[in-house]
Amino acid sequence: MSEQNDNQQKLDFVRQIVADDCQSGKWDGRVVTRFPPEPNGYLHIGHAKSICLNFGIASEFGGKCHLRFDDTNPEKEEQEYVDSIIEDVKWLGWDWGQNLFFGSDYFQQMYDWAVELIKKGKAYVCDLTGEEIRQTRGTPTQPGKDSPYRNRSVDENLDLFEKMRKGEFPDGSKTLRAKIDMASPNFNLRDPVMYRIVHASHHRTADNWCIYPMYDWAHGLEDSIEKITHSICTLEFENHRPLYDWFLDQLGIYHPQQIEFARLNLTYTVMSKRKLLKLVQEKLVAGWDDPRMPTIGGMRRRGFSPSAIRNFCDKISVNKFNSTIDFALLQHCLREDLNKTSPRVMAVLNPVKVVIENYPEDKVEYLDAINNPEDPTAGSRQIPFSREIYIERDDFMEDAPKKFFRLTPGREVRLRYAYFIICTSVIKDPAGNITEIHCTYDPATKGGDAPDGRKVKSTLHWVCAKNAIDAEARMYEHLFTKENPDDVEEGKDFTAYLNPNSLNVLSNCKVEPYLKDVKSLSRWQFERLGYFCVDTDSKDGKLIFNRTATLRDEWAKIQQNSK
RNA sequence: UACCCGGUGGUGUAAUUGGUAACACAGAGGUUUUUGGUACCUCCAUUCAUGGUUCGAGUCCAUGCCGGGUAGCCA
């Protein structure tokens, strides 16, 4: 058993079940879980919760976790999704070893078991149309009606089922149904469909099959074949568990335990595949990996690290009731990791030129800058300094309120790793916009400390004008303005709450020359601004950064509160 | 109005399984600081309601209230 359990750390209810089973020897000490995505879309942060749960349990209890594609619906599934899912799970840092499986590999076995159920008189071929099945299913308060085909003979069922498989019937003309109880209070037991006829080519089995198993029939069999011990799924399958159990019991085959947990909800985001697809299709975002999307691909491109996501999944734990996690918790996990791992660098997003009047015209000197104060092994680098530099426009105010500590006429501030400067004058264009700020510097403060011990209230980041590299920064905010975009008013849909400011492109940024050869997707902290990640669109000569997250910002809070 | 599941601070999870509500996030205030970052400190709930069992209930029982899920030939 794992260290975590030896230490008697709090176990969530799923892990508690697994721990109890290990203790009682229910599965002979085996722990086998699985992550079973349908390859019909991209993975998102909600899937990450499930992935971390299943792979996490396997690794903590010395078991295995299978990656299994539940590919039983050829009309929706594609190889492209299989590839992206594999990439995403790997990126998150999980390893399934040899245990990569596909539900479609079990089609023959499933078929044979269906035949067995027919022989036992537990399944029948039904000629009702979809509409008729719906009409005879009954309502919550009324039982359904038996299908007129319910009592066909075993031989007839066997014959018809074989013909279904051979392609002798058109799509939708017949189904194979389990013969259970049309009066069951649980709809799932009102003679559920096991097979439907679909003449569609499957991404793996091509045209070998024209009948495809339904989820309820297929899923338990897949679990059984793979000798899964704990089949963990989301809450909406709770009502399906009796059916999961029924199929396995009728067949008398290996029977895993299904356990349901609540799916993840996050403030300011939508999680359903349908809604995410709509955002992509209607071009409300740039694609599945748009950095504003909660998809794993989007988050990767935004600059999230796998460990930030995994820590987040640990912290939220799992439970059986619906809850909505504050986006701020995700952000906290992100910053916690990025703070420790991201090299610091200086970049000016919204530049204004500063001329240091008493600094020699042609001089360039190199100053020592620490790469990461949280990580001594990250070392330091040399940054160029000269008479003209850029600072952030927001770091200067002509008429500053008392709580503004930054540059303002007559006040001394520090340029990080460089010198103290004092603003002496401001140059404006005819329209009144500031074009240059003139300052003087104190040569004795080189490196950022005054030998006489005098202090300054603030430190500014800057970039040497002569050596600066141009860059673009894509500034992101929440995709939605509303905490719960799913909570819609009459006549609106969730897209009504899209944040018009969710993307703001700054194309005139200046970054220090150290960033010349950055690698795609590398993560940096721009001092005093936030964490940034090199976008996949970034090229030599055209640097593009995505703002992953801002730093916590006291000054922004003060401004906000004074409004 | 059928069946299933669930209710602990603003949010998310804990509570030695009946022993006197803990941790984290958010928020507020403060200390430190060459990032208004980081780190650190302080403050912020008597557990949906009402009854009951008990020396003792967030934990057990009853009733009620509230929330979620379920009527695809989707998963």
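The figures that follow rest on heavy atoms only: side chains count, while hydrogens, waters and symmetry mates do not. A note on names: the letters A, B, ... follow the listed sequences, proteins ahead of strands, and every chain is numbered from 1.
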Using only side-chain N and O atoms of A:Arg414, determine if any of them is under 4.0 Å from OP1 or OP2 of B:rU33. no
Can you tell me if A:Arg134 touches the phosphate of B:rG72, counting only side-chain N or O atoms and a distance under 4.0 Å to OP1 or OP2? yes
Would you please confirm or rule out a distance under 4.0 Å between OP1 or OP2 of B:rC73 and any side-chain N or O of A:Arg137? yes
Separation of B:rG67 atom C1' from A:Asn484 atom CG, nearest Å, is 14 Å
Given the structure, check if the side chain of A:Arg406 and the base of B:rG36 hold any donor-acceptor pair shorter than 3.5 Å. yes
Judged by each residue's nearest nucleotide on RNA chain B, which is more toward the 5′ side, A:Asn561 or A:Thr445? A:Asn561
B:rG68 phosphate, OP1 or OP2: any side-chain N/O from A:Asn265 under 4.0 angstrom? no
Separation of the C1' atoms in B:rA71 and B:rC66, to the nearest angstrom: 24 Å
With a 4.0 Å cutoff (strictly under), does any side-chain N or O of A:Ser458 reach OP1 or OP2 of B:rU35? no
Please name the residue in the list A:Phe247, A:Trp113, A:Trp246 that meets the ring pair (Phe, Tyr, Trp, His ring centres under 6.0 Å) test with A:Trp217. A:Phe247
I want to confirm an ordering. Mapping A:Leu235 and A:Asp553 to their closest nucleotides on RNA chain B, which one lands closer to the 5' end? A:Asp553
I'd like to know whether NZ of A:Lys145 has more than 12 heavy-atom contacts from other residues, nucleotides or ligands below 6.0 angstrom. no
Got a donor-acceptor pair under 3.5 Å from the side chain of A:Glu238 to the base of B:rU70? no
Please work out if A:Ile558 contacts a base, only the sugar-phosphate, or nothing of the nucleic acid, heavy-atom cut-off 4.0 Å. base
Considering all heavy atoms, the nearest A:His199-A:Phe169 contact: NE2-O, 3.1 Å
Quick check, does A:Phe321 stack with B:rG68? I mean ring centres under 5.5 Å and planes off by under 30°. no
B:rU13 -> Watson-Crick or G-U wobble partner, both distances under 3.5 Å, gives B:rA22
Tell me whether the side-chain N or O atoms of A:Arg335 pair up with the base of B:rU38 as donor and acceptor below 3.5 Å, since no angle test is needed here. no
Side-chain N or O of A:Asn319 closer than 4.0 Å to phosphate OP1/OP2 of B:rA14: yes
Would A:Arg204 pass as a cation-pi partner of A:Phe102, given that its NZ or CZ must be under 6.0 Å from the six-membered ring centre and within 45 degrees of the axis? yes
Taking all atoms of both residues into account, what is the closest heavy-atom pair of A:Asp486 and A:Val270, and its distance? OD1-CG1, 3.7 Å
Checking all strands, does A:Ser323 fall into the base, sugar-phosphate, or nothing category for heavy-atom contacts under 4.0 angstrom? sugar-phosphate
